[in-house]
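These notes concern the structure reproduced below.
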Amino acid sequence: MTTSAQPAEKLPSQQTSTIDMKDIVALCKRRGFIFQASDIYGGINGFWDYGPLGTELKNNLRDYWWKSMVTTPPVGPDGHPVQIVGLDSAIIQNPEVWVASGHVGGFSDPMVDCRETKKRYRADHVRVLVPKDRSDNKPWISFMEGMEVNERAKKLGKAGYNLSDPEDAIFWNTELIKLPYEDYENILAPDAKKKGTLTDPKEFNLLFETGVGASEQDRTTAYLRGETAQGIFINYKNVMDSSRVKMPFGVAQVGKAFRNEVNPRNFIFRSREFEQMEMEWFCHPDEASKWFDFWKAERKKFWESIGLSQDNILMRDHEADELVFYSKGTCDIEYKYPFTAPDFGELEGIANRGDYDLTQHQEHSKTKLEYLDPERNNEKYLPHVIEPAAGLTRGVLALLCEAYTIDENRPSGVYLNFHPRMAPKKAAILPLMAKGEQPEVAEKLYMELREEFAVDLDIKQNIGKRYARQDEIGTPYCFTIDDETLADGTVTVRERNTMAQERIALNEVAKYLREKIKA
RNA sequence: GCGGGUGUAGCUUAGUGGUAAAGCACUAGCCUUCCAAGCUAGCUAUGAGGGUUCGAUUCCCUUCACCCGCUCCA
């Protein structure tokens, strides 16, 4: 990340470059979007509470995702809508689920620290050149995977080795974790000057442990789910057997997930409790790559349709060396958050997972998960899986960052430019004066609109203050009742972004809102 | 996890080893016919714990949280 680098010339028109996360966090607290969890107790690292407006915003995003997946899924390449069903699985499952998925025991990453340079490395990425005679009169040099041979030669030279022979004639090139800890005193850490500074590798397990059973004696260890996806895989057979779906089809789920992040950072971007929107798309192995491309395009459209600008979205295909071993392709949809800019940070990951998950669960559960395909001459196969996995809470953060707009020409100095579909409040109903018949007419309109939309009724204080407040929470429209309303049945609509006003008929207000939200 | 920084009201800031001050915001009332106007009143703070002291918001220690950098993110 190169956040410290300043552009050579500052363009005053590009206000977005001056947006500071601190201001967004402050607005979120001030207006009731997001609070530090356990605030009155001094907080707790990595957890956040959603306030009245944050909850509305998050629900809007969640519901729209659900609609776009389950209620009105997209039209597939064959011209017909694809088939996706919903699921809501338990947060706590049989611990074996997480053994099968690899989250427990399998590949949790051991880490080593360097006491001299204070750097930390993934132990399985550090390699060591061990002299074949295991002589300890010179340090054994270590390096990160991928370091060039001639770079290594320089290090060896510095360490006092004679370079006349090829490296592999003198050394075993081995992984750090394969060496016993007694050997560490001979090892020169990748960036250190003195040998013997690496600590014993520490195991990290990112899953939260909990205990099932009310009495201490009967309690067994279980885990809070680290992702919602596994709940889908373990219900794959139940869904197949109960809901008349046939290949290809998807199963969608929204819910909380928990990871003991080593270092929660950047507001709600990396937190220990977060919310995911995941869909697992099951298909014939031969069609996986076609569907992978289909879902990449669909998911990009989704984020654009709720107001994220193309400039702030990046589709980034993973490099081969970045892929987890079972993945046949992964594409991250990244967003240019203020704290990553000018770089991007993950918002959603679309992965071609092959048949890895079903294979694992088939083995561990000893339950057959193959599909008998009547449309392919009763071919039996384990479906391959395409997984668009979005962060709901990261989506909320992206919406907030995208919406945050500085405007010194208005009283609030800032407004939230939410797409009307996402705005926590769709409109405010404001009587210009708090006396006479205006409040009564306003309340009547409010009672009508609230049946269909999340709306605010605000009667007190002068109109400017009320507009300013609605700007700060991103309400796209304000309907103002004045004496003219009483005389001719029209109201003023005030549009958030332009502050422009027009008069429309009182009985057209609901229709007006409906059209604007759909647009 | 390491290093650096910060912590006084919702926000921005003041101040002091001896009753914690102000502006804005917020709430109520008055006033007000379209963008945080005015008048009156009100609410709210030294992150937490311990130590030194007659007395600590101030000095010391611990801890918690946040920010920046590194590390990490199966």
Side-chain angles (χ1 to χ4, degrees), chain A residues 1-4 20-23 25-32 35-48 51 98 101-125 190-191 199 202-207 226-227 259-267 269-272 274 322-327 339 345-346 349 407 409-415 430-436 438 460-472 478-486 491-494 496 498-501 503:
Chain A
M1 274 184 261
T2 53
T3 43
S4 58
D20 191 339
M21 269 318 285
K22 265 188 204 155
D23 298 326
V25 174
L27 175 67
C28 284
K29 180 178 183 184
R30 179 155 39 94
R31 290 302 181 189
F35 309 120
Q36 170 77 51
S38 307
D39 199 8
I40 62 171
Y41 287 95
I44 176 167
N45 193 328
F47 296 88
W48 300 90
W98 303 105
S101 71
H103 289 76
V104 175
F107 37 76
S108 66
D109 298 330
M111 308 291 298
V112 286
D113 290 314
C114 173
R115 294 191 199 88
E116 179 191 319
T117 61
K118 311 293 183 198
K119 291 198 178 211
R120 165 174 290 178
Y121 311 93
R122 267 181 72 162
D124 58 337
H125 286 186
D191 300 285
T199 62
K202 262 179 268 180
E203 286 285 339
F204 281 77
N205 188 347
L206 266 41
L207 286 189
E227 59 179 27
R259 293 181 197 178
N260 245 324
E261 292 291 351
V262 176
N263 194 355
R265 275 291 164 93
N266 292 324
F267 198 30
F269 181 77
R270 174 164 297 121
S271 48
R272 290 181 164 138
F274 57 103
E322 198 181 353
L323 293 173
V324 283
F325 66 89
Y326 52 78
S327 177
F339 50 82
E346 188 183 351
D407 180 2
N409 295 319
R410 67 176 70 206
S412 56
V414 65
Y415 66 102
L430 313 171
L432 193 55
M433 305 294 300
K435 59 185 184 186
Q438 290 180 17
K460 299 288 179 74
Q461 297 181 318
N462 76 57
I463 191 72
K465 279 192 186 185
R466 286 177 283 166
Y467 283 152
R469 264 202 294 268
Q470 296 299 333
D471 279 349
E472 272 204 334
C478 290
F479 299 107
T480 307
I481 313 297
D482 56 16
D483 284 343
E484 229 178 304
T485 309
L486 307 176
V491 298
T492 305
V493 190
R494 184 256 194 194
R496 174 195 62 205
T498 59
M499 297 191 280
Q501 302 188 350
R503 290 199 81 88

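To find a chain, count down the sequence lines: A is the first, B the second, and so on, and within it residues start at 1. What's counted below: heavy atoms across the whole structure, side chains too, no hydrogens, waters or symmetry copies.
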A:E472 side-chain proximity, nearest of B:rC35, B:rA36, B:rC66: B:rA36
Watson-Crick or G-U counterpart of B:rC39, or none if no pair lies under 3.5 Å: B:rG29
Interatomic distance at P, B:rG42 relative to B:rG47, whole Å: 27 Å
Pairwise C1' distance for B:rA48 and B:rC72, with rounding to whole Å: 29 Å
Candidates B:rC26, B:rU32, B:rA65 - which lies nearest the side chain of A:N45: B:rA65
Integer angstrom distance from the C1' of B:rA41 to that of B:rG69: 49 Å
Closest-nucleotide 5' rank along RNA chain B - winner of A:A434 and A:Y41: A:A434
Distance-only donor-acceptor test (3.5 Å): side chain A:R466, base B:rC35: no
B:rA22 and B:rG15, which share atom name C1', separated by this distance in whole Å: 11 Å
Identified pairing partner of B:rG3, criterion: Watson-Crick or G-U wobble below 3.5 Å: B:rC68
Nucleotide B:rA65, atom P - distance to CZ of A:R272 in whole Å: 8 Å
Whole-Å gap separating C1' (B:rU12) and CG (A:L27): 16 Å
Separation between CZ of A:R30 and CZ of A:F35, rounded to the nearest 0.5 Å: 12.0 Å
Integer angstrom distance from the C1' of B:rU19 to that of B:rG23: 22 Å
A:K465 side-chain proximity, nearest of B:rC66, B:rC35, B:rA25: B:rA25
Span that lies between the C1' atom of B:rG29 and that of B:rC66, in whole angstrom: 39 Å
Separation of the C1' atoms in B:rA45 and B:rG10, to the nearest angstrom: 11 Å
Counter-base of B:rA9, judged by Watson-Crick or G-U geometry with both distances under 3.5 Å: none
Closest listed nucleotide, where the reference is the side chain of A:L432 and the choices are B:rC70, B:rC34, B:rU32: B:rC34
Pairwise distance OH(A:Y415) to CG(A:L27) - rounded to 0.5 angstrom: 13.5 Å
Close side-chain approach of A:E227 and A:W98, heavy atoms under 4.5 Å: yes
Sugar-phosphate, base or nothing in reach of A:Q36, heavy atoms under 4.0 Å: sugar-phosphate
pair A:T480-A:Q501: side-chain heavy atoms closer than 4.5 Å: no
For atom CG of A:L430 and atom P of B:rA36, their distance in whole Å: 14 Å
G-U wobble or Watson-Crick pairing nucleotide for B:rC54 (cut-off 3.5 Å, both distances): B:rG18
Closest listed nucleotide, where the reference is the side chain of A:I463 and the choices are B:rC67, B:rC34, B:rA36: B:rC34
Below 4.0 Å: OP1/OP2 of B:rU32 and any side-chain N or O of A:K435: yes
d(CG, A:D23; C1', B:rC11) in whole Å: 11 Å
Interatomic spacing from CG in A:N462 to CG in A:L430 - rounded to 0.5 Å: 11.0 Å
Options B:rC70, B:rU32, B:rA36, nucleotide nearest the side-chain atoms of A:R265: B:rC70
Value in whole Å for how far the C1' atom of B:rA65 lies from CD1 of A:I40: 15 Å
Which nucleotide in B:rG29, B:rA37, B:rC68 has an atom nearest any side-chain atom of A:K460: B:rG29
Side chain proximity check, A:E484 to A:L432, heavy atoms < 4.5 angstrom: no
Distance in angstrom units between A:R496 CZ and B:rC34 C1', rounded: 19 Å
A:R469 side chain near B:rC26 phosphate (N/O to OP1/OP2, under 4.0 Å): yes
Shortest side-chain distance from A:K29, nucleotide among B:rC34, B:rA25, B:rC11: B:rC11
Sugar-phosphate only, base, or nothing, as touched by A:F479 at under 4.0 Å among non-hydrogen atoms: nothing
Presence of A:N462 side-chain N/O under 4.0 Å of B:rA37 phosphate oxygens OP1/OP2: yes
A:R30 side-chain proximity, nearest of B:rG10, B:rA65, B:rC34: B:rG10
Interatomic distance, A:R503 CZ vs B:rC34 C1' [rounded to whole Å]: 10 Å
Closest to side chain of A:R31, choosing from B:rC35, B:rA36, B:rC34: B:rA36
Interatomic spacing from CZ in A:R466 to CD in A:Q470 - rounded to 0.5 Å: 10.0 Å
Residue mapping more 5' on RNA chain B - nearest nucleotide basis, A:I44 or A:E227: A:I44
Distance below 4.0 Å between A:Q461 side-chain N/O and B:rU27 OP1 or OP2: yes
Separation of the P atoms in B:rG49 and B:rC64, to the nearest angstrom: 15 Å
Atom-pair distance (CZ on A:R494; C1' on B:rA36), nearest Å: 12 Å
A:F274 side chain near A:R259 side chain, heavy-atom distance below 4.5 Å: yes
